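Values in this document were obtained by computation on a predicted structure and should not be read as measured data.
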Amino acid sequence: RHYQGGKRMGLLYQESVKVRHYHCNALGEMTLPAILDIMLIASNNQEATIPEAKEGFRQEGWAWIITQNQIDINRLPRYNEDIIAETEATTYNKFFSKRHYALKTSDGLVLAQAETTFALIDLSQRSIVRIPEIVAEWYQVEKEERPSRRKRLSKEVAHESKVDRFEVKFLDIDLNNHVNNTIYLRWITNSLGMEWFEKYTPTTFTIAYEKEMYLHQEGAVHSDLSTLSEDSKSNGTFNTQHVIDSEDNAHCLAEITWQVK
């Protein structure tokens, strides 16, 4: 068990990662989808070290789904860098569990850290179920005395600066037969383009997943970049808002803070 600031936390897990070319963009910086991917791989690998959890999830037909990510970035990892991916479950309540992630340099400097909110679903019903106490015991995590509130993101952009339309392709779909969480970040990144990342670097982002998307579904990335001219003049940082929707639903909501390079 891990203790932080006198508070008892869950089981801590760490693994070493070499930043490969496929983790990076053309500038040699780790992409936002890769940050999320490496973090999730770490927690998946931790699950393999807890046999009772692995077997319990298989027997019950359960799976974790992400409802929201809040990520702070001090510096983007770079190509060929050796880093450490760290994770631990922190708290849970009736319907949601929270997990902390960090990407660190080999000497312990935090490059990025995240708080991710998960819900437990019954795969046969495709519905969220209550988190039983046995699940918390497997991860050695304690119940929240007072459930914390998630950051609320708007389902519509305040000002539509640009819109990119797309169709969900075969490689956007994962084993669960819906769009993988990292693909939404890829769509947002591609909508901004290379010139954007040559000028600005992300420092924080919050992304919420509202409704699944499926193969051949058509959607659009709506982006509000209007605060760029207003905010960046004063302190070099500004926020952008992004909504991925289809004809009937909002599927993914994001807010990103950027720093002028």
Side-chain angles (χ1 to χ4, degrees), residues 9-11 13 33 36-71 87-101 114-153 155 168-185 187 206-217 219 244-254:
M9 311 292 276
L11 292 171
Y13 176 84
L36 180 56
D37 207 25
I38 288 171
M39 289 176 171
L40 294 177
I41 287 170
S43 52
N44 286 341
N45 289 342
Q46 182 184 35
E47 302 235 337
T49 70
I50 311 172
E52 59 267 43
K54 186 177 179 181
E55 180 61 19
F57 270 66
R58 187 191 65 79
Q59 287 186 354
E60 297 291 339
W62 291 333
W64 292 114
I65 58 166
I66 298 173
T67 61
Q68 188 175 91
N69 270 308
Q70 292 180 262
I71 300 183
T87 185
E88 61 185 319
T90 52
T91 60
Y92 83 104
N93 56 44
K94 285 190 294 186
F95 290 106
F96 299 105
S97 176
K98 290 187 177 177
R99 179 175 278 276
H100 178 263
Y101 294 90
E115 182 181 76
T116 301
T117 305
F118 291 86
L120 189 66
I121 65 163
D122 182 317
L123 289 171
S124 62
Q125 302 293 325
R126 301 301 297 178
S127 61
I128 292 176
V129 296
R130 285 176 178 259
I131 299 175
E133 287 188 13
I134 186 64
V135 173
E137 291 174 15
W138 292 337
Y139 297 101
Q140 297 184 24
V141 64
E142 296 189 342
K143 195 168 188 177
E144 279 184 321
E145 293 180 9
R146 183 178 301 170
S148 54
R149 301 185 70 175
R150 295 195 308 157
K151 183 174 183 178
R152 292 285 184 182
L153 299 178
K155 293 186 178 182
V168 177
K169 305 294 187 183
F170 172 58
L171 291 182
D172 298 330
I173 303 296
D174 62 19
L175 275 170
N176 294 316
N177 288 313
H178 60 73
V179 172
N180 185 271
N181 294 97
T182 62
I183 298 298
Y184 295 98
L185 274 172
W187 286 334
T206 302
I207 183 165
Y209 303 97
E210 297 289 308
K211 196 170 180 64
E212 297 169 336
M213 294 192 78
Y214 300 98
L215 187 62
H216 302 311
Q217 195 167 0
I244 296 176
D245 65 10
S246 61
E247 187 176 3
D248 300 318
N249 293 291
H251 297 274
C252 177
L253 318 173

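R130 contributes atom CZ, which lies 12.5 Å from atom CG of L120 (distance to the nearest 0.5 angstrom). A distance of 8.5 Å separates CD1 of I66 from CG of N180, quoted to the nearest 0.5 Å. Annotation: the span from E115 atom CD to Q68 atom CD amounts to 8.5 Å, rounded to 0.5 Å. We find the NE2-OG distance between H100 and S43 to be 12.5 Å, quoted to the nearest 0.5 Å. Interatomic distance, OH of Y184 versus CD1 of I207, reported as 9.0 Å (0.5 Å rounding). Atom-to-atom distance recorded for I121:CD1 and T67:OG1 is 12.0 Å, nearest 0.5 angstrom.
Counting heavy atoms from C-beta on, the side chains of V179 and W187 come closer than 4.5 Å.
Annotation: Q59, atom CD; neighbour count of heavy atoms from other residues, nucleotides and ligands within 6.0 Å is above 12.
The side chain to side chain donor-acceptor pair (under 3.5 Å) test applied to E133 returns no partner, not counting sequence neighbours. Applying the side chain to side chain donor-acceptor pair (under 3.5 Å) test to N181 and every residue at least two apart in sequence or in another chain returns nothing. Scanning for salt bridge (Lys or Arg N to Asp or Glu O under 4.0 Å) contacts around E212 gives R126, with sequence neighbours left out. In this view, F57 and W62, W64 satisfy the ring-ring contact (aromatic ring centres under 6.0 Å, His included) rule, not counting sequence neighbours. For S124, the side chain to side chain donor-acceptor pair (under 3.5 Å) criterion is met by D122, not counting sequence neighbours. The side chain to side chain contact (heavy atoms under 4.5 Å, CB included) search around D37 returns I41, T182, not counting sequence neighbours. Residues passing the side chain to side chain contact (heavy atoms under 4.5 Å, CB included) test with A136, sequence neighbours excluded: Y92, V141. Here E137 pairs with nothing under the salt bridge (Lys or Arg N to Asp or Glu O under 4.0 Å) rule; sequence neighbours left out. Taking E210 as the reference, K155, A208, L253 meet the side chain to side chain contact (heavy atoms under 4.5 Å, CB included) condition, with sequence neighbours excluded. Residues passing the side chain to side chain donor-acceptor pair (under 3.5 Å) test with Q70, sequence neighbours excluded: none. The salt bridge (Lys or Arg N to Asp or Glu O under 4.0 Å) search around E47 returns none, not counting sequence neighbours. R152 pairs by the salt bridge (Lys or Arg N to Asp or Glu O under 4.0 Å) definition with nothing, not counting sequence neighbours.
The two residues R99 and A89 make their nearest non-hydrogen contact at NH1-N, 3.7 Å. The minimum heavy-atom distance linking A250 with D245 is given by the pair CA-CB, 3.9 Å. Contact between M213 and Q217 at its shortest, heavy atoms only, is CA-OE1, 3.3 Å. Between Q46 and L11, the shortest heavy-atom distance links the atoms NE2-O, 2.9 Å. Heavy-atom minimum distance, I71 versus A114: CG1-CB, 3.4 Å. Among all heavy-atom pairs drawn from S97 and I131, the shortest one is N-CD1, 3.8 Å.
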Requested in this report: Just do the side chain to side chain contact (heavy atoms under 4.5 Å, CB included) check on N69 and Y209 with the steps written out, would you?
Outcome: CA-CA 9 Å; N69 270 308; Y209 303 97; 4.0 Å; yes
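Remark: side-chain polar atoms of T117 are not paired, donor with acceptor, to backbone N or O of K98 under 3.5 angstrom. Side-chain atoms of D174 come within 3.5 Å of backbone atoms of N176 as a donor-acceptor pair (strictly under, hydrogens ignored).
Counting only N and O atoms by type, the side chains of T116 and Y101 include no donor and acceptor under 3.5 Å apart.
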